[in-house]
Amino acid sequence: MSWLIKVPATTANLGAGFDSVGVALNLYLSLKVDLSEKWRFVPLSEGMDELPRDEGNLIYQIALQTAKQFGYLDLPACNVEMTSNIPLTRGLGSSATAIIAGIELAVCLLDLNLSKEEKLEIATAIEGHPDNVAPSLLGGCVIGHYDQEVDWIHVPIHDLVFLAIIPDFELKTKEARAVLPKSFSYKESVQASSVANVSVAAICRGDWITLGNMMRKDHFHQPYRKKLVPHYDKIVELLDEEVYGTFLSGAGPTLIALTSKEVIERKLADWQTIFPKLNWLPLEVENRGV
Ligand code: HSE
């Protein structure tokens, strides 16, 4: 028996939708799974060399955890070839793809008949928030809330370019969460949530100008995290007049500019010349399943 599993990357937050809004993008983790004598994870893409090749692999750990939730003690051993063009530890949801891939692996191997809602509950309980795992599983844009269970709304997004600006350094989510405030005053909470509310309304209406404006007014995380990304202000300033808005993708360090194909054709080469060390990657929304 052989299975193929393909899971898209994601960008989370979209400015003020902290831990709640995420979008699937057209970069993928792909697994080719074949039954075998023993577990073996074979990395076939650059940058995956440090991933564990045995049962220490996160994908296996998640698959086993899922299996146990349904009363299975073990999984049949497999050879898993892994290919990925998702940069690791850059804020593009690579760990969420491993979580979704692990759940899908258990589903394939044990013939579990799980609905997308059941998969989403399992994935979100593992991740703690739905903003990466939900779009990775469902495609498109997902706006979600999690507290014991997930409430979510699926919104397709079309005709937008997500220009990822990826630096050559990693930023661990734990480190990027450590710089956030422990609490907000009532007044700050009202400000922060009202920016998030307008952001979500703008997403639902496809009003990218308003969404971009709200990205500039986020209270939840970007003002605290931008010191971790030395080029943050320079990039935002360089792009500001041309794009709808620029935001820190997930916990960073990747920045993403919301823009159009026309702007990419006209400006991308100039921007690459000004910041040649950054990897400028125009991406599209993966709307499968929406
Ligand atoms: N919403 C999360 C954060 C995404 O910004 O920390 C990364 O897990």
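Only a predicted model underlies this, so the values are computations on that prediction, with no experimental measurement involved. Both counts, for ligands and for their atoms, begin at 1 and track the order of listing.
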(message) Pair E170, E175 - check side-chain contact (heavy atoms from CB on, under 4.5 Å), show working.
(response) CA-CA 11 Å; E170 299 184 349; E175 197 185 322; over 6 Å; no
(request) Compile the protein residues with any heavy atom at a distance under 4.0 Å from an atom of ligand 1; present them by chain, then by number. (result)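 Only N13, F18, D19, H129, D131, N132, T173, R177, R225, G250, A251 have heavy atoms that fall under 4.0 Å of ligand 1, ordered by chain and number.
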(request) Would you check if the side chain of N26 reaches a backbone N or O of E284 as a donor-acceptor pair within less than 3.5 Å? (result)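 Indeed, once roles are kept as given, a pair shorter than 3.5 Å links the two residues.
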(request) Please confirm whether the backbone N or O of D19 pairs with a side-chain atom of N13, one donor and one acceptor, at under 3.5 Å? (result)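 Looks like yes, one N/O pair under 3.5 Å.
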(message) Looking at every heavy atom in both L25 and P8, which two are closest together, and how far apart are they?
(response)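 Answer, listing the atom of L25 first, then P8: O-CB, 3.5 Å.
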(message) Are F18 and H221, when compared by the centres of their aromatic rings, separated by less than 6.0 Å?
(response)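 Yes, the ring of F18 comes within the 6.0 Å limit of the ring of H221, centre to centre.
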Under 3.5 Å, which donor-acceptor pairs link side chains of residues 55-64 to any protein atom two or more places apart or in another chain?
unit_1	atom_1	unit_2	atom_2	d
N57	OD1	I59	N	2.9
N57	ND2	P52	O	2.8
Q61	NE2	E55	O	2.7

